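Data first, discussion second: the structure below is written as structure tokens.
Note that the structure is a prediction, hence the values are computed from the model and not measured. Below, read A as the first sequence line, B as the second, and so on, with proteins coming before strands; counting in each chain starts at 1.
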Amino acid sequence: MADVASSDTYARIYAAVRRVPHGRVATYGQIAKLVGVGARQVGYALHACTDPRVPWQRVINAKGEVSARPDADHQRVRLLEEGVELDAKGRVDLAKYRWKPRSK
DNA sequence: CCCATGACTGATT
DNA sequence: TAATCAGCCATGG
């Protein structure tokens, strides 16, 4: 599918997101550093991302919360299904579930 | 090419 | 822990 990305930047971001293993989460900042772009660009790219192959649901902000999305509620459930515990405030314990990339 | 926007981050208060 | 400010860089008009 050539509609994965219109720019190499997006492709790198999607590739990094796909590296996130099941039952684990990553922050925008992590992805941003992996691809070598700003954190906002990651969110911007994921916003434009419509590819279900990309587990963009595992990408959350530095607070451990799911970002402002209409499907935020749906995403939380999905994380729980993957084995990720959520705080009473709906936040993930980054100290435990934060994915540790090696290519950094 | 310039300006405004944005699924963010980190430091400071 | 929460709120505020400035920096970050790609995209679109």
Side-chain angles (χ1 to χ4, degrees):
Chain A
M1 307 352 182
D3 65 310
V4 179
S6 307
S7 305
D8 295 309
T9 307
Y10 279 26
R12 292 184 198 189
I13 292 170
Y14 300 150
V17 176
R18 280 222 209 85
R19 279 174 156 176
V20 182
H22 175 263
R24 202 100 327 177
V25 297
T27 66
Y28 289 93
Q30 285 188 257
I31 304 299
K33 290 192 174 189
L34 287 171
V35 303
V37 298
R40 297 191 91 143
Q41 280 45 272
V42 178
Y44 203 63
L46 290 179
H47 179 215
C49 181
T50 55
D51 192 329
R53 265 66 91 168
V54 179
W56 54 267
Q57 344 235 74
R58 296 180 190 141
V59 183
I60 57 183
N61 61 29
K63 297 175 219 155
E65 297 181 302
V66 176
S67 300
R69 313 173 40 253
D71 292 328
D73 180 60
H74 181 74
Q75 179 170 357
R76 286 183 204 144
V77 177
R78 193 137 178 191
L79 290 171
L80 286 168
E81 293 288 302
E82 298 195 349
V84 178
E85 284 186 279
L86 292 184
D87 195 318
K89 295 173 181 117
R91 295 191 292 194
V92 179
D93 187 348
L94 293 176
K96 294 173 64 174
Y97 294 101
R98 187 180 181 195
W99 171 55
K100 297 158 188 180
R102 308 175 188 184
S103 308
K104 189 169 89 155

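Partners of A:Gln57 according to the side-chain hydrogen bond (donor to acceptor under 3.5 Å, both in side chains) rule, which considers only residues two or more places apart in sequence or in another chain, do not exist here. With sequence neighbours left out, the side-chain hydrogen bond (donor to acceptor under 3.5 Å, both in side chains) criterion links A:Tyr28 to A:Ser67. Partners of A:Glu85 under the salt bridge (charged side-chain N to carboxylate O under 4.0 Å, His left out) rule, at least two apart in sequence or in another chain, do not exist in this structure. Taking the side-chain hydrogen bond (donor to acceptor under 3.5 Å, both in side chains) definition, one finds that A:Thr27 meets it with nothing, sequence neighbours left out.
Using modelled atom types, no side-chain atom of A:Tyr97 and backbone atom of A:Leu86 make a donor-acceptor pair closer than 3.5 Å. No donor-acceptor pair under 3.5 Å is formed between the side chain of A:Arg76 and the backbone N or O of A:Gly90.
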Item checked: Nucleotide-resolved protein contact map, nucleotides 7-13 of chain B, B/S/- at heavy-atom distance under 4.0 Å -> BBSS---
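At least one side-chain heavy atom of A:Leu94 sits under 4.5 Å from a side-chain heavy atom of A:Val25.
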Please tabulate, one pair per line, each protein N/O and nucleotide N/O from nucleotides 2-4 of chain C that are separated by under 3.5 Å, including the distance.
residue, atom, partner, partner atom, Å
C:dA2, OP2, A:Arg91, NH1, 2.9

